[in-house]
Amino acid sequence: MNASAEPLVRFIEVSKSYDGKVDAVRALNLEVEAGEFLTLLGPSGSGKTTTLVMLAGFEQPTAGRIFVGGEDVTMVPVEKRGIGMVFQNYALFPNMSVAQNIAFPLMVRKTPRAEVEQKVARALAMVRLDGLADRRPQQLGGG
Ligand SMILES: Nc1ncnc2c1ncn2[C@@H]1O[C@H](COP(=O)(O)OP(=O)(O)OP(=O)(O)O)[C@@H](O)[C@H]1O
Ligand SMILES: [Mg+2]
């Protein structure tokens, strides 16, 4: 198959159980195209965060495969996936601004400053938070 015809992200029959009894995610099939803006909407406990942490690699699926750019990343460790995740309530640095929180992983990777600024601006604009770049996390509403 032509690799460029592959969706950017593909979940195939992905299931996750944390306790071996209840399915947090059950047989999820999902395709996301490059440039697509996708929102997961569902009741609390329906598996939205579990889906995202499996994509980033913080959790492994109990069953199924996850492909990114046509490559099977199901067992690729989090630090080798190159996927970032900004959490809503935790894993944010309270002493850093919104912009600094987003820039941090790029700084750790020694990305040139100009590139960091450009990428942070792009990410903030994408989620319409550009006006709030200098606020601290506790100065923001939940969403
Ligand atoms: N680390 C964990 N250990 C055990 N069970 C978990 C863990 N994380 C989530 N769960 C369970 O998995 C199910 C899915 O939870 P998840 O957090 O993915 O839902 P969510 O859709 O993100 O909910 P919310 O809208 O409240 O953020 C729930 O039953 C939850 O209790
Ligand atoms: Mg959640």
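Along the sequence shown, residues carry numbers from 1. Whatever order the structure lists them in is the order used to number ligands and atoms, beginning at 1.
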> Between Y18 and T62, does any side-chain donor sit less than 3.5 Å from a side-chain acceptor?
Replying inline: no
>> Could you tell me, atom by atom, which parts of ligand 1 come under 4.0 Å of a heavy atom of P43?
In response: 21 (O)
> Hey, which atoms in ligand 1 end up nearer than 4.0 Å to a heavy atom of A24?
Replying inline: 12 (O), 13 (C), 14 (C)
> Is G47 in contact with ligand 1, taking contact as a heavy-atom separation below 4.0 Å?
Replying inline: yes
> Roughly how far, to the nearest 0.5 Å, is CD of E31 from CD of E6?
Replying inline: 8.0 Å
>> Under a 4.0 angstrom heavy-atom cut-off, which atoms of ligand 1 come close to T50?
In response: 14 (C), 15 (O), 16 (P), 18 (O)
>> Under 4.0 Å from atom 23 (O) of ligand 1, can you find at least one protein heavy atom?
In response: yes
>> Would you compute the distance between atom CE of M54 and atom CD of E59 and round it to the nearest 0.5 angstrom?
In response: 8.5 Å
> Looking only at protein heavy atoms, which one is nearest to atom 26 (O) of ligand 1, and how far off is it?
Replying inline: S44 OG, 2.5 Å
>> Measuring from atom OG of S97 to atom CZ of R136, what distance do you get when rounded to the nearest 0.5 angstrom?
In response: 7.5 Å
>> For atom 30 (C) of ligand 1, is there a protein heavy atom at a distance under 4.0 Å?
In response: no
> With a 4.5 Å heavy-atom cut-off, do M96 and F104 have their side chains touching?
Replying inline: yes
>> At less than 2.8 Å, would any N/O/S atom of T50, backbone or side chain, sit next to the Mg ion (ligand 2)?
In response: no
> If you round to the nearest 0.5 Å, how far is CZ of F67 from CG of D72?
Replying inline: 4.0 Å
> If two hydrophobic side chains count as joined below 4.5 Å and joins carry through other members, does V78 share a cluster with V68?
Replying inline: yes
>> Considering both backbone and side-chain atoms of K48, is one of its nitrogen or oxygen atoms within less than 3.5 Å of a nitrogen or oxygen in ligand 1?
In response: yes
>> Students should be able to answer this: which protein heavy-atom is nearest to atom 9 (C) of ligand 1, and at what distance?
In response: Y18 CE1, 3.4 Å
